[in-house]
Protein chains: 2
Amino acid sequence: MSDLLERLRGRGWRMTAQRRVVAEVLDGEHVHLTADEVHARAVAKLPEISRATVYNTLGELVTLGEVLEVSTDQRAKRYDPNAHRPHHHLVCAQCGAIRDVHPVGNPLADLPASERFGFTVSEVEVTYRGVCPNCAAA
Amino acid sequence: MSDLLERLRGRGWRMTAQRRVVAEVLDGEHVHLTADEVHARAVAKLPEISRATVYNTLGELVTLGEVLEVSTDQRAKRYDPNAHRPHHHLVCAQCGAIRDVHPVGNPLADLPASERFGFTVSEVEVTYRGVCPNCAAA
DNA sequence: TCCTACAATAGACATTGTCTAAAGCAAGCG
DNA sequence: CGCTTGCTTTAGACAATGTCTATTGTAGGA
């Protein structure tokens, strides 16, 4: 069984079949699923789960910091279970596939104070775009 | 009259009142408007313009490379008329304000070949997030 | 001026996400 | 072990954003 479920239980999360299924889907897949894809996989394990529950549960997982929300295109949010190691994303412009990547250097340091306009800058998100080997072959 | 309109005309863009109005809205504002905001401003100048036309025209401007599509949140695409100087964005996590920024260095170079997974990487998009002076004061 | 191909329009449709009111159920308590 | 309570789930309506289609309009060349 997963660490994720253990952690959630430890935080007093009320465990239900639906929540377990959603957590399992995320824990099992190391790709970045959309809410709808999570729903589809959850339905396969628990046919009566509703869309609203999947959305709710994903939202809670994000709030708890167990899952990251990534929006690399404007179509649908994707959910990244790899919330505990900082990383950035490489997105295929054609099929939308996402890989986690770890660039060298610290992009936060690349923004000089003169370019911060008084903002307190706390985060940086880097999205590389290109074409994946699959799409390039097609 | 704007450079933008001149350039478009020079490229054989068929000029219509609707397209002129959309181009003027983008050219006049140096903030990053959503499609709906562009529509609202366009309607103020040309009441009978339709939503579809605004979407189409924005799409064409993006294709022509005159305007950039930016999605800093997952709610709505925003349109950035400043397409001719590469830049990145600094977003206020509270009010959603966006500033263009110019970090030093080239983040594309920060992604080693071993982290490219066979992708042909052509673009990089950096989004800094923080709190703007206004929101920090409040 | 007239024609024709390209553009605009209204509104239906699609996708993604949110909300609500009612019914269900986990887990603590006796 | 079986209540009770309050958190969860559910179905489906609703909302926001974007896309498509068939029809009508029109810019610009002949």
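Below, read A as the first sequence line, B as the second, and so on, with proteins coming before strands; counting in each chain starts at 1.
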Which whole-number value in Å describes the distance from [X] [atom1] to [N] [atom2]?
X: R78(B); N: dT17(D); atom1: CZ; atom2: C1'; result: 13 Å
X: L33(A); N: dG17(C); atom1: CG; atom2: P; result: 13 Å
X: H39(B); N: dT19(D); atom1: NE2; atom2: C1'; result: 15 Å
X: L46(B); N: dA7(C); atom1: CG; atom2: P; result: 17 Å
X: E37(B); N: dA16(D); atom1: CD; atom2: P; result: 14 Å
X: R20(B); N: dA27(D); atom1: CZ; atom2: C1'; result: 11 Å
X: D36(B); N: dT19(D); atom1: CG; atom2: P; result: 13 Å
X: Q18(B); N: dT9(C); atom1: CD; atom2: C1'; result: 9 Å

Of E48(B) and Y79(A), the one whose closest DNA chain C nucleotide lies more 5':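 Nearest-nucleotide comparison on DNA chain C picks E48(B).
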Within the sub-3.5 Å range, which N or O atoms of nucleotides 23-29 of chain C have a protein N or O partner, and how far apart are they?
{"unit_1": "dC25(C)", "atom_1": "O2", "unit_2": "R14(A)", "atom_2": "NH2", "d": "3.3"}
{"unit_1": "dA26(C)", "atom_1": "O4'", "unit_2": "R14(A)", "atom_2": "NE", "d": "3.3"}
{"unit_1": "dA26(C)", "atom_1": "O3'", "unit_2": "M15(A)", "atom_2": "O", "d": "3.4"}
{"unit_1": "dA27(C)", "atom_1": "OP1", "unit_2": "M15(A)", "atom_2": "N", "d": "3.4"}

Just grab all the ring-ring contact (aromatic ring centres under 6.0 Å, His included) pairs involving residues 112-131 of chain A, residues at least two apart or on different chains.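 ring-ring contact (aromatic ring centres under 6.0 Å, His included) check on residues 112-131 of chain A returns no pairs.
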List the residues meeting side chain to side chain contact (heavy atoms under 4.5 Å, CB included) with [X], not counting sequence neighbours, and say none if there are none.
X: E60(B); answer: W13(B), R19(B), N56(B)
X: P112(B); answer: V104(A), S114(B), E115(B)
X: T34(B); answer: D36(B), E37(B), A76(B), R78(B)
X: V131(A); answer: Q94(A), C135(A), A136(A)

Using the C1' atoms of five pairs at each end, what's the angle between the two axes of the helix from dT1(C)-dA30(D) to dG30(C)-dC1(D), to 10 degrees?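 Comparing the first five pairs with the last five, the axes sit 20° apart.
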Apply ring pair (Phe, Tyr, Trp, His ring centres under 6.0 Å) to H87(A) and list each qualifying residue two or more places apart in sequence or on a separate chain.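 Ring pair (Phe, Tyr, Trp, His ring centres under 6.0 Å) list for H87(A), sorted by chain: H89(A).
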Expected output is a numbered-order residue list: members of residues 49-63 of chain A with a heavy atom under 4.0 Å from any atom of DNA chain C. What is it?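 Going residue by residue through residues 49-63 of chain A, the ones with a heavy atom under 4.0 Å of DNA chain C turn out to be R51(A), A52(A), Y55(A).
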Taking side chain to side chain donor-acceptor pair (under 3.5 Å) as the test, write out the residues that go with T127(A), two or more places apart.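 For T127(A), no residue satisfies side chain to side chain donor-acceptor pair (under 3.5 Å) once neighbours in sequence are set aside.
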State which residues pass side chain to side chain donor-acceptor pair (under 3.5 Å) with S50(A); sequence neighbours excluded, sorted by chain then number.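 Listed in chain order: T53(A).
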Under 3.5 Å donor-acceptor, R20(B) side chain and M15(B) backbone: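 No; judged by distance alone, with no hydrogens or angles, the pair does not exist.
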Show me the pairs that pass salt bridge (Lys or Arg N to Asp or Glu O under 4.0 Å) and involve residues 86-113 of chain A, at least two apart or across chains.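 Residue pairs with at least one partner in residues 86-113 of chain A: there are none.
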Are the side chains of L61(A) and L8(A) in touch, meaning some heavy atoms are under 4.5 Å apart?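 Counting from C-beta outward, L61(A) and L8(A) do come under 4.5 Å.
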